Amino acid sequence: MCHIKKGFILLLTLTFLLSAIIYFSDFSLKIAVPPRTLYTNVVNQIRSYYMVIKFPSGHDNQTIFLAPAPTPKAHQQVQQRSIQISKQTTDISVHYHVAHPSNYHFILDEPEICSQWDPFLVLMVPVAPHQVGARNAIRSTWGNESTVQGKAVMTLFLVGLTGGSDSEKAQQQLEEESRQHRDLLQSNFVDSYFNLTIKTMVIMDWLATRCPQANFSMKVDSDMYLNLENLMTLLLAPNTPRQNYITGMVMWDRPVVRNKNSKWYVSEELYPEPKYPTYLLGMGYVFSNDLPEKIVEASKEIKAFNIEDAYVGACVKHVGITPSSPPDPSQFRAYLGQYNREDFLRVITTIIGSPQQLIYIWKDVKRPTKRDQI
Ligand SMILES: *[C@@H]1O[C@H](CO)[C@@H](O)[C@H](O)[C@H]1NC(C)=O
Ligand SMILES: *[C@@H]1O[C@H](CO)[C@@H](O)[C@H](O)[C@H]1NC(C)=O
Ligand SMILES: *[C@@H]1O[C@H](CO)[C@@H](O)[C@H](O)[C@H]1NC(C)=O
Ligand SMILES: *[C@@H]1O[C@H](CO)[C@@H](O)[C@H](O)[C@H]1NC(C)=O
């Protein structure tokens, strides 16, 4: 008799606990933003589990008993868990393919910045979370130009997740930097060289969803010199198309690298054809801002591979657009060799060696010359 009673009470308690879990997770899911993918669904479920943890008062103590107290450590564990689980689901429920931006969401965002600034040109800089030196050099040089030839220009940086052993501290620093400068966007993918295609597609997604009103955009690497006067002259030229336009350093007939030791290696499984479609070298390419939405849409049908610029080329081809050669192709230069001020006055963009070099060159290029003083 006593055994049966104990068993019955245990059963009752278990049933109660189970319904409590179901009730709370259901409730939280209803108030959450409609999930875009199964992946976000899973993340939301984990978040709602965490929300149960987060309400230690006001609800019955049984529920609290189920979950650990919300100490920062527990918070971190839940975050790590959500990342782990999202990795697992990537294999089975990834939306389109791993690089499609619908699989990711923004942790740091500036959703209103385009309606506030109404930019003509947006400069989007993919950069690693720890590269604060590169960001600051850009902020004090070309990233600090807010009006060029009377047109509004805006510079934003895009990073992925902070990694490594002190990832939490790095995240705090990033959030502080974001509060200070209001120019950081962060998405929840693993930030690595291999994942540059994801980064670029997230940039395209941000432009398409947060900034459709801009006229032109540029994807420009963090180790680039940029001459905005020359870029603006190109964009405002009467012959420059306002739509379906993308230009930069054009790469024709590039063979796919099959050498496994190369950092540009792509397997035949990821990309079977021996050559890439015509594309623009990733260091810096400029496009009319109707393209991001079209590229994100085309990307649904183009399997991802890890060469971001060639991948954008494949999407652009799918849209039915041919990359344009710039009016003066020598203005998009990989390397200029030894420093010569005249070269930097003439180019639109070129690779430079370090953040210090960018600051040095910028000062020298901007210094008043005898002609300016007259
Ligand atoms: C939960 O337990 C605490 C003390 O442990 C008590 O003060 C509180 O009233 C309890 N809450 C409920 C809803 O029973
Ligand atoms: C940006 O330029 C303004 C002047 O237009 C200057 O006052 C400011 O210090 C510059 N910012 C940086 C980070 O160099
Ligand atoms: C690329 O990012 C995805 C999504 O965050 C992640 O699952 C994967 O491990 C990353 N790959 C590399 C090589 O960093
Ligand atoms: C920029 O785009 C807006 C529409 O979004 C258009 O009204 C405006 O004329 C464009 N500006 C230039 C200089 O092309």
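Source: prediction; values computed, not measured. Whatever order the structure lists them in is the order used to number ligands and atoms, beginning at 1. Side chains are part of it too, since the values below use all heavy atoms of this structure and drop only hydrogens, waters and symmetry mates.
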A.B. asks: Tell me which one of N289, T240, D290, L291 satisfies side chain to side chain contact (heavy atoms under 4.5 Å, CB included) with Y245.
C.D. replies: T240
A.B. asks: Can you spot which of R135, R182, Q172 makes a side-chain hydrogen bond (donor to acceptor under 3.5 Å, both in side chains) with E177?
C.D. replies: R135
A.B. asks: Any side-chain to backbone donor/acceptor pair from Q171 onto T162? Under 3.5 Å, distance only.
C.D. replies: no
A.B. asks: Would you mind reporting whether F120 and M154 have side-chain heavy atoms less than 4.5 Å apart?
C.D. replies: no
A.B. asks: From the options D118, N289, N215, L121, select the one whose nearest heavy atom is closest to atom 14 (O) of ligand 4.
C.D. replies: N215
A.B. asks: Atoms of ligand 4 less than 4.0 Å from F120 heavy atoms?
C.D. replies: 12 (C), 13 (C)
A.B. asks: Does the side chain of Q149 pick up a donor-acceptor pair with the side chain of T233 at under 3.5 Å?
C.D. replies: yes
A.B. asks: Could you tell me whether some N/O pair between N195 and ligand 3 is separated by less than 3.5 angstrom?
C.D. replies: yes
A.B. asks: Return the closest protein heavy atom for atom 13 (C) of ligand 2 as residue, atom name and distance.
C.D. replies: R139 O, 3.7 Å
A.B. asks: F194 heavy atoms, cut-off 4.0 Å: which ligand 3 atoms fall inside?
C.D. replies: 13 (C)
A.B. asks: Would you say the side-chain atoms of S140 pair up with the backbone N or O of N136, donor to acceptor, closer than 3.5 Å?
C.D. replies: yes
A.B. asks: State the atoms of ligand 3, each with its element, that fall below the 4.0 Å cut-off from a heavy-atom position in F189.
C.D. replies: 5 (O)
A.B. asks: Which of the atoms of ligand 2 are close to N144, meaning less than 4.0 Å from one of its heavy atoms?
C.D. replies: 1 (C), 2 (O), 3 (C), 8 (C), 10 (C), 11 (N), 12 (C), 14 (O)
A.B. asks: Which atoms from ligand 3 have a heavy atom of I198 less than 4.0 Å away?
C.D. replies: 1 (C), 2 (O)
A.B. asks: Could any protein non-hydrogen atom be found less than 4.0 Å from atom 7 (O) of ligand 4?
C.D. replies: no
A.B. asks: For atom 2 (O) of ligand 2, is the nearest protein heavy atom closer than 4.0 Å?
C.D. replies: yes
A.B. asks: So F305 and Y276, would you call those rings parallel, tilted or perpendicular, with 30° and 60° as cut-offs?
C.D. replies: parallel
A.B. asks: Quick check on contacts: which atoms of ligand 4 are under 4.0 angstrom from a heavy atom of Q213?
C.D. replies: 5 (O)
A.B. asks: For E269, I'd like to know if atom CD has over 12 heavy atoms of other residues, nucleotides or ligands within 6.0 Å.
C.D. replies: no
A.B. asks: Counting only heavy atoms on the protein side, is anything nearer than 4.0 Å to atom 11 (N) of ligand 2?
C.D. replies: yes
A.B. asks: Taking distance alone, with N or O pairs closer than 3.5 Å, would you say V98 contacts ligand 3?
C.D. replies: no
A.B. asks: Just which atoms of ligand 3 are under 4.0 Å from any heavy atom in Y104?
C.D. replies: 4 (C)
A.B. asks: Decide if atom NZ of K300 counts as having more than 12 heavy atoms of other residues, nucleotides or ligands within a radius under 6.0 Å.
C.D. replies: yes
